[in-house]
Structure formats: structure tokens, C-alpha cells
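Have a look at the structure below before the remarks.
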Amino acid sequence: MSNKFNSSSLTEYCKSYARKVAGEFFAHHTVISGQELLKLSAVSQVNLFVISTLSEKWRSDAERFRSPYFDFEHPDVRQAMQVFMNTVSQHISVRRDHLEPLLAEATRRTLVLLFDPRYYFDDILRNQSDFSLSAETAHQLTRYTQINKFVPAAIEERMKGKSSVYVNQALNWLDEILMQRGRELEKPDKYIPLFSEKVLLDPGVLLRKASYEHVPQPTVFTPNKSFFDTDIETTVPPVPLAAPSSNGFEPVVNLAPPDSESSVRPLFLDDSGPAAEPAAPSMQPSQMPTHTSDVSTLEVSPKTEEPAGPVTIGETFYRAPIESISKSISLNQKFMFINQLFNGSAASYNEAIEQLDHATSYEQAHDLVTNRYSAQYSWDMNSDEVGMLVEILKRRFA
């Protein structure tokens, strides 16, 4: 795994995104076809990776037909097999329980390709069997890559006339290509809003470091041509972020430069912007109490049912009352609550937090959590996320 990512955050995000996208589609369908897969996600690269995986399974299934008792190399057999497999490819039919894991893996690959392209291509090359890159594999890599497509295309170009090369040679080419054309690598900024339409994508949570670096007509398929041999690049319509321009191309999205503060904040959460982080406790040395009566101010209140006694400055801050629930929730907590408690809906999260903030007592707020939200969103009341939210409510009404 690329060391740029928080692996647990990446895994959780990909599962949440796959669950959300698949859930919306299968709410009205029982299976999904190849043409529908090409339009499933607003991020076309995700769709291509799903198709790529199905293509690999299609090829491996074809190999399973071979038998030592029959001549599968005979021209008649080869032709019949080709027609049969091409016909099968035109009838892709995938159920949700089979699609969701493919979609989660396709999302993971897309995010790695966006945020760490050097690792992505390096990893693919190093995992080639026999440590050799074939011309066919290089072609398939180019075919199913849309983001930073120039990288595999340049490797394939250098392989012309060669049936295969050692992976070491391909890795050297990769270094040269990135050194010469590194500025052409796509910026993740324009894809963050597309992902966030379904599930909030916060690079500050996803990554270890808070630094970043024409609609074609559908292809007409014929029975004697495989679905996987069609011109995929022309069958994936880009999803515009705004009304399409007169020339039909996707409009340019102006986002803050990578080194600005906004690049590490979640996008498209709500109109008011991300919630502020809770203020950190003062780091100035505390004055030790010199009078017995002062010590009592550092003891836990009896109503907490905890033994009274001295507590640390950090504990005092953590238990201190707060004026606003929304302002006390950190960005990491906000991201977690939205995805784990509100099914990835920022609007549902904002509405619930606003209602909790307007509650007049802890009992009223707790009643909303236990009797309304837990039933509405099927919460596990013993989960860490619900426990964290309840602790915040206790501080709000302390």
C-alpha cells in the first residue's frame, strides 16, 4: 500500500463510496449491464477499472474451456469459441453483492492513481508474472487507464516491435517519463467534488500528509465483437460539474492551489463550510493551587459518579462544557459521523446537529439520538461513533 495513505481511512472510504453508489443504482434494478457500468460512477476511471476486472475474468473463464481431449487450436474451434465468448461479453449481468467489492477496489485504485501515480504504476509493473511486461498487458494498461493515461501510453510506445520486456526496463522507462513529463500529471482537485457528490472526500483524512500535489455517441456493438474490444475511451461520457458549455466539453473547475489551506479541507459539505476545530488548551504552565479551597475546583463533580480527585489539564479540557455541538466537532469526527452515522449524507448530518444544538436539555437531545436518529439510520447504540456523539452531548449540557 502506498505510504501516502492512512490505510484504514482509505479502506473505509472505498467501502462507503461503493455502498452508496451501488445502493442508489440497485434501489431500482436487480442487475447491472456493461453499458450501465460505464455510466455508474461520476468518476469514469472507477467505471473503467470495474470493466477491466470483468475483462480479466472473461479471459480467464475462456481458458477454462480448454481440455487435453479436444483440439482447441483448430480454426473452426477457435472461431466458434471467439463468437461464443464475444456474445457472452455483450450480456454482462452483475448483482449487487458481486459488484460492490469490485466497485470498492476500483475506487481504491482510482484514488491511488490520483494521489500517488508513481506508486500506482510502479506496483503494477513489479507484480507482472515472470517479471516480464508483455505488449498485450501494456496495451490493456493503456486501454483501461483514463487518469494520467500518457504514462502507460508512453511505455507502450517504447515497446513497439517487442513482444515483451523485462520489468526493470519498464521501470526505467517509467522513471524517465515521470521525470520528463511529471508536470502533466493530473491534479486530484477536480475529482474531489465528483467523489464528494456521493461520500465526502477529505484529503486531510485520507492522506498521511495534508499536501497534494466532447460527449461521444454510444458505440454500436456487433455480435462478432467483444464488449471488451470496443473503444472504451469513447463510451465513457464525462460528468460535468455544471451546465455543459456550448462546445460540449466539461467546464474548467477553478479550485484553490494545492498549497492553500483549502486544499486540505473537505469540499461540498455544506454552504457554511467545514466546522471549526475545537480550540486547543493553553500550553502555558498551569499555576499549582496553593490553598486547600482551590484544589476542589480541579475535582470531578459528584454527579459524574466518578471518584473525586485531582485531574489533568487535558481531562479538564475534555470534560469542559461547550457552547455549540457543531463547533466542537473536529473535521475528522465530522467525516466519521457523516459516513458512519448518516449514510454519507452531509445534509442529514447538518440537520441532525442543528436540531441537537437547539435542544433545551441533555434529556431532550439524548431522546433524539436514541428514539429518532438511531431508528432512522439503523445505528448500533454500542458503537464508538454513537458513544463519541453522546459524550459531546454531555459536554454541551453539562
Side chain proximity check, Glu105 to Val50, heavy atoms < 4.5 angstrom: no
Hey, is the main chain of Glu363 close enough, under 3.5 Å, to the side chain of Asp367 for a donor-acceptor pair? no
Tightest non-hydrogen contact, residues Phe5 and Leu111, listed as CZ-O, 3.6 Å
Determine, stepwise, if the pair Glu12 / Lys15 fulfils salt bridge (charged side-chain N to carboxylate O under 4.0 Å, His left out). CA-CA 5 Å; Glu12 184 57 39; Lys15 288 181 179 179; 5.8 Å; no
Within the 4.5 Å heavy-atom criterion, are Tyr144 and His139 side-chain neighbours or not? no
Applying the side chain to side chain contact (heavy atoms under 4.5 Å, CB included) criterion to Phe150, which one of Arg181, Glu157, Glu186 satisfies it? Arg181
May I ask you to decide if Val112's main-chain N or O and Asp116's side chain share a donor-acceptor pair within less than 3.5 Å? no
Are Ser361 and Gln364 close enough that a side-chain donor and a side-chain acceptor fall under 3.5 Å? no
Using salt bridge (charged side-chain N to carboxylate O under 4.0 Å, His left out), reason through Glu56 and Arg59 one step at a time and then give a plain yes or no. CA-CA 5 Å; Glu56 293 171 3; Arg59 292 171 185 273; over 6 Å; no
Decide whether a cation-pi geometry holds between Arg96 and Phe26; the criteria are a distance under 6.0 Å from NZ or CZ to the six-membered ring centre and an angle within 45° of the ring axis. no
Any link between Met179 and Tyr119 through a network of hydrophobic side chains (Ile, Leu, Val, Met, Phe, Trp, Tyr) touching at under 4.5 Å? no
Check whether Thr53 reaches the backbone of Phe49 with its side chain - one donor and one acceptor, N or O, closer than 3.5 Å. yes
Looking only at heavy atoms, the pair that brings Leu206 and Tyr13 closest together is CD1-CB, 4.2 Å
So, does Ser55 use its side chain to make a donor-acceptor pair with the main chain of Ile51 at under 3.5 Å? no
Do the two ring centres, one from Phe195 and one from Tyr17, sit under 6.0 Å apart? yes
If I take atom CG from residue Leu103 and atom NE2 from residue His98, how far apart are they, to the nearest 0.5 angstrom? 14.5 Å
Verify side-chain contact (heavy atoms from CB on, under 4.5 Å) between Ser383 and Val386, making sure each step is shown before the conclusion. CA-CA 6 Å; Ser383 68; Val386 173; 3.3 Å; yes
Quick check against the 3.5 Å criterion: does Trp58 have a side-chain atom that pairs as donor or acceptor with the backbone of Met85? yes
Do you see a donor-acceptor pair shorter than 3.5 Å between the side chains of Thr137 and Ser134? yes
Relative to the ring of Phe25, is the ring of His29 parallel (under 30°), tilted (30 to 60°) or perpendicular (over 60°)? parallel
Output yes when Lys334 and Asp202 qualify as a salt bridge under the 4.0 Å nitrogen-oxygen rule, no when they do not. no
Distance, nearest 0.5 Å, that separates CD1 of Ile325 from CG of Leu356: 5.0 Å
Measuring from Ile92:CD1 to Gln35:CD, what's the distance to the nearest 0.5 Å? 9.0 Å
Check the hydrophobic clustering (I, L, V, M, F, W, Y; side-chain heavy atoms under 4.5 Å; chains of links allowed) and say if Leu37 and Val31 are grouped together. no
Taken to the nearest 0.5 Å, the spacing of Ile338 CD1 from Glu385 CD works out to 13.0 Å
Looking only at the side chains, is there a donor atom on one of Gln45 and Thr110 sitting less than 3.5 Å from an acceptor on the other? no
Residues Glu73 and Arg66 bridged, charged N to O under 4.0 Å: yes
Do we see a donor-acceptor contact under 3.5 Å between the side chains of Glu354 and Asn350? no
In sequence, state the C-alpha distance, the side-chain angles, and the governing distance for Arg158 and Glu176, and then conclude on salt bridge (charged side-chain N to carboxylate O under 4.0 Å, His left out). CA-CA 12 Å; Arg158 299 189 186 201; Glu176 293 173 4; 2.5 Å; yes
Let me check something: any side-chain donor-acceptor pairs from residues 160-175 under 3.5 Å, sequence neighbours excluded? List them with distances.
{"residue": "Asn172", "atom": "ND2", "partner": "Asn168", "partner atom": "O", "Å": "3.3"}
{"residue": "Asp175", "atom": "OD1", "partner": "Arg118", "partner atom": "NE", "Å": "3.3"}
{"residue": "Asp175", "atom": "OD1", "partner": "Arg118", "partner atom": "NH2", "Å": "2.4"}

Would you find a donor on one side and an acceptor on the other, under 3.5 Å apart, between the side chain of Asp380 and the backbone of Asn382? yes
Hey, is the main chain of His366 close enough, under 3.5 Å, to the side chain of Thr370 for a donor-acceptor pair? yes
Asn47 to Leu38 - nearest heavy-atom pair and separation: ND2-O, 3.1 Å
Donor-acceptor pair, side chain of Ser60 and main chain of Lys57, under 3.5 angstrom: yes
Would you check if the side chain of Asn339 reaches a backbone N or O of Gly344 as a donor-acceptor pair within less than 3.5 Å? no
Evaluate the ring pair (Phe, Tyr, Trp, His ring centres under 6.0 Å) criterion for residues Tyr377 and Phe342: first the C-alpha distance (whole Å), next the side-chain angles of each, then the deciding distance (0.1 Å), finally the verdict. CA-CA 6 Å; Tyr377 300 104; Phe342 296 93; 5.1 Å; yes
Nearest heavy-atom pair of Ile353 and Ser326: which atoms, and what distance? CG2-CB, 3.7 Å
Begin from the C-alpha positions of Tyr373 and Gln355 and carry the test side-chain contact (heavy atoms from CB on, under 4.5 Å) through to its verdict. CA-CA 11 Å; Tyr373 303 137; Gln355 290 176 342; 2.5 Å; yes
Would you say the side-chain atoms of Lys149 pair up with the backbone N or O of Thr145, donor to acceptor, closer than 3.5 Å? yes
